[in-house]
Enquirer: 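Below you'll find the structure I mean.
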There are 2 protein chains.
Amino acid sequence: MSTEERLERAMRLCTGRGARLTPQRARVLRILIEAERPLGAYEILAEMAGGQRALAPPTVYRALEFLLAQGLVHRLETLNAFIDCRHPERPHPAQFLICSACGRVVEIDDEAIAARLLDAASQSGFAPSRKVVEVIGVCEGCR
Amino acid sequence: MSTEERLERAMRLCTGRGARLTPQRARVLRILIEAERPLGAYEILAEMAGGQRALAPPTVYRALEFLLAQGLVHRLETLNAFIDCRHPERPHPAQFLICSACGRVVEIDDEAIAARLLDAASQSGFAPSRKVVEVIGVCEGCR
DNA sequence: TACAAAACGTTATATTGTATCTTTTCGTCA
DNA sequence: TGACGAAAAGATACAATATAACGTTTTGTA
């Protein structure tokens, strides 16, 4: 799926929800899609500033906040970075494999892991709202 | 198990491994044990500075680095904070339930989750080195 | 005791993230 | 269509987290 197709899909999703994927927000999303790797907020900021008057951090953080809320991007806690989501249509358990050699990230959506985790949380009397699962390792290509 | 017992256990573990749990490091560990909740590095720093000449951030970060390497504390990625480990005797899968209301954290060591995660990673040709599993939610007491 | 490695101190700075207030844009409705 | 209120974006300042670099002290050991 091309960058343009993804952006169009994102636009459709937002419109359908009454959310506004403004040019600014779409620009952040485009940068993340084209990067094909996780980017820090300040890396995005640098991309956006290219050739234009400099933007301030809150601009990027606000766009990211929106995109996260819409499920269009994910935040990688171990990297303090952001990556676009490949299946933003519906909520899904998101687990990430992060290669410490090349920096690439694979998103897997394993329902079994999510279910087991939910189960364990319930046993401890816990009502989960967000699950963070990140595996750091070395990918096939880097071994 | 009391604070003192835990500190003694930590000392035994380190001695047995040829690692040095120095007074400085033990002090950081004690602060984490007594806190009974996750602390940020700068919170630890503030505790240590109490009544004494001020210490600098690297002091705390270096102690934490040691304690993490020895498995005596864990880092909570979603909170940028640290918490003492309840079963430091041997390596174990560490999963955390983090209450967004009271801030308390429960460590669960669910081998099934770890195994399933390892399995999923392997299927993607991934060789894991570290697994981060953190569930944010509301604990029983807070509901 | 002398040496090398480990631990620690100190200063400075990098990186990541927010609070606050103002201005602009957008949708809606009289 | 023009005014109004809400949402978004701009701008400034700063808070919170983390590390680099380098010198000094301590420690274990030959």
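We name chains A, B, ... by the order of the sequence lines, and we start the count at 1 in each one.
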Enquirer: State whether the number of non-hydrogen atoms from other residues, nucleotides or ligands found under 6.0 Å of R116(B) atom CZ is greater than 12.
Expert: yes
Enquirer: For nucleotides 10-16 of chain C, list the nitrogen or oxygen atoms of the protein found under 3.5 Å from its nitrogen or oxygen atoms, one pair per line.
Expert:
none

Enquirer: Quick check: does any side chain N or O of H87(A) sit under 3.5 Å from a backbone N or O of H92(A), one acting as donor and the other as acceptor?
Expert: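 Answer holds: no.
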Enquirer: Testing the basics here: between L68(A) and R75(A), what is the closest heavy-atom pair and its distance to 0.1 Å?
Expert: CD2-N, 3.6 Å
Enquirer: Using a cut-off of less than 4.0 Å, is there contact between a side-chain N or O of T22(B) and OP1 or OP2 of dC8(C)?
Expert: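 For dC8(C), OP1/OP2 do have a side-chain N/O of T22(B) under 4.0 Å.
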Enquirer: Inspect the contact between R104(A) and E36(A) and indicate whether a charged nitrogen and a carboxylate oxygen are less than 4.0 angstrom apart.
Expert: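 No salt bridge links E36(A) with R104(A).
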Enquirer: Go through DNA chain D in 5' to 3' direction and return only the first and the last nucleotide with some atom under 4.0 Å of chain B's heavy atoms.
Expert: dT17(D) to dT27(D)
Enquirer: Out of curiosity, does V106(A) fall in the hydrophobic cluster containing F82(A) (side-chain heavy atoms, cut-off under 4.5 Å, transitive links)?
Expert: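 The answer is no; the residues belong to distinct hydrophobic clusters.
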Enquirer: What's the CG-P distance between L39(A) and dG17(C), to the nearest Å?
Expert: 13 Å
Enquirer: Any sub-3.5 Å donor-acceptor pair from E134(B)'s side-chain atoms to L76(B)'s backbone N or O?
Expert: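 No; zero donor-acceptor contacts below 3.5 Å.
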Enquirer: May I ask you to check whether over 12 heavy atoms, not counting those of E140(B), lie within 6.0 Å of atom CD?
Expert: no
Enquirer: Let me know the distance between CG of L68(A) and P of dG17(C), rounded to the nearest Å.
Expert: 11 Å
Enquirer: List the atom of I98(A), the atom of T78(A), and the distance in Å for their closest heavy-atom pair.
Expert: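 Shortest heavy-atom separation between I98(A) and T78(A) comes out as CD1-OG1, 3.4 Å.
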Enquirer: Rounded to whole Å, how long is the line connecting atom CG of L21(A) with atom C1' of dC26(C)?
Expert: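 The distance from CG of L21(A) to C1' of dC26(C) comes to 15 Å, rounded to the nearest Å.
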Enquirer: Taking the nucleotide of DNA chain D with the nearest heavy atom to each, does A63(A) or R20(B) sit closer to the 5' end?
Expert: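 It is A63(A) whose nearest nucleotide is closer to the 5' end.
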